[in-house]
Amino acid sequence: MRHWLMKSEPSVYSIADLRREVRAMWEGCRNYLVRNRLRDEVRPGDMAFFYHSNSQPSGIAGIMEVVSEAYPDPTQFDPESPYFDPKATRENPRWLAVDVEFVREFARVVPLAELKEHPVLGGMEVCRRGQRLSVLPVTTDEWDAVLALPGV
DNA sequence: GCCAACGTTGGC
DNA sequence: GCCAACGTTGGC
């Protein structure tokens, strides 16, 4: 089982939304590296931090579980969707989604600045300058260190 | 709102 | 296949 960190802008979809819906489709990824990672590395049973990006503060808000294999993201076929991709066809889908399930919301959001200061967590991918991928690997040490933070 | 990082597009 | 221009992400 692997660990991940997955980003969402809470104004679009937050951990509170996932808590309410319990299970959701993680849709709208339009980056090939992330697409390949979903296809090749992310598996049902993997656990992920739910990260709030473009937020105040940005940071880790809770935990979810990946509960499906990657499958074609239906929003790419929907002209009404902001994620519509005119070059994608049902015969040749470009983009993938996975289903995720709520596990728990942290008592507080762990801000990015706090991660950066931490001796172990400062090395997380998400702390790297210019890191823009929305699905990032997390090591077991990093996972455990986040869960050991006070108030989490 | 600014801007750094970096992925994507498209001319050649 | 190179590379400049452009677009997007996302912290601050």
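Protein chains get the first letters and strands the later ones, always in sequence-line order, with residue 1 at the start of each.
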Point to revise | Residue pairs fulfilling salt bridge (Lys or Arg N to Asp or Glu O under 4.0 Å) with at least one residue in residues 42-64 of chain A, sequence neighbours excluded | key: A:Arg43-A:Glu69
Check your understanding: With sequence neighbours left out, which residue pairs that include part of residues 47-58 of chain A fulfil the side chain to side chain donor-acceptor pair (under 3.5 Å) condition?
Key -> A:Glu9-A:Asn54
Exercise for review: Ignoring hydrogens and angles, tell me if any N or O in the side chain of A:Ser8 forms a donor-acceptor pair with the backbone of A:Tyr13 under 3.5 Å.
Suggested key: yes
Check your understanding: Is the side chain of A:Asp40 donor-acceptor paired with the backbone N or O of A:Arg37 at a distance under 3.5 Å, no angle test?
Key -> no
Check your understanding: Looking only at heavy atoms, what is the nearest atom pair of A:Trp95 and A:Asp85, with distance?
Key -> NE1-OD2, 2.7 Å
Check your understanding: Hey, which of A:Arg2, A:Met6, A:Met124 is the one that makes side chain to side chain contact (heavy atoms under 4.5 Å, CB included) with A:Val138?
Key -> A:Met124
Check your understanding: By a strict heavy-atom criterion of less than 4.0 Å, which residues belonging to residues 116-134 of chain A are in contact with DNA chain C?
Key -> A:Lys116, A:Arg132
Below 4.0 angstrom from OP1 or OP2 of [N], is there any side-chain N or O of [X]?
| X | N | value |
| --- | --- | --- |
| A:Tyr51 | C:dG11 | yes |
| A:Lys7 | C:dT9 | no |
| A:Ser58 | C:dG11 | yes |

Could you check how far [atom1] of [X] sits from [atom2] of [N], rounded to whole Å?
| X | N | atom1 | atom2 | answer |
| --- | --- | --- | --- | --- |
| A:Gln56 | C:dG10 | CD | P | 16 Å |
| A:Leu136 | C:dG11 | CG | P | 11 Å |
| A:Arg37 | B:dG7 | CZ | P | 11 Å |
| A:Leu115 | C:dG10 | CG | P | 15 Å |
| A:Tyr83 | C:dT9 | OH | P | 9 Å |

Check your understanding: DNA chain B: A:Leu33 or A:Lys87, which has the more 5' nearest nucleotide?
Key -> A:Leu33
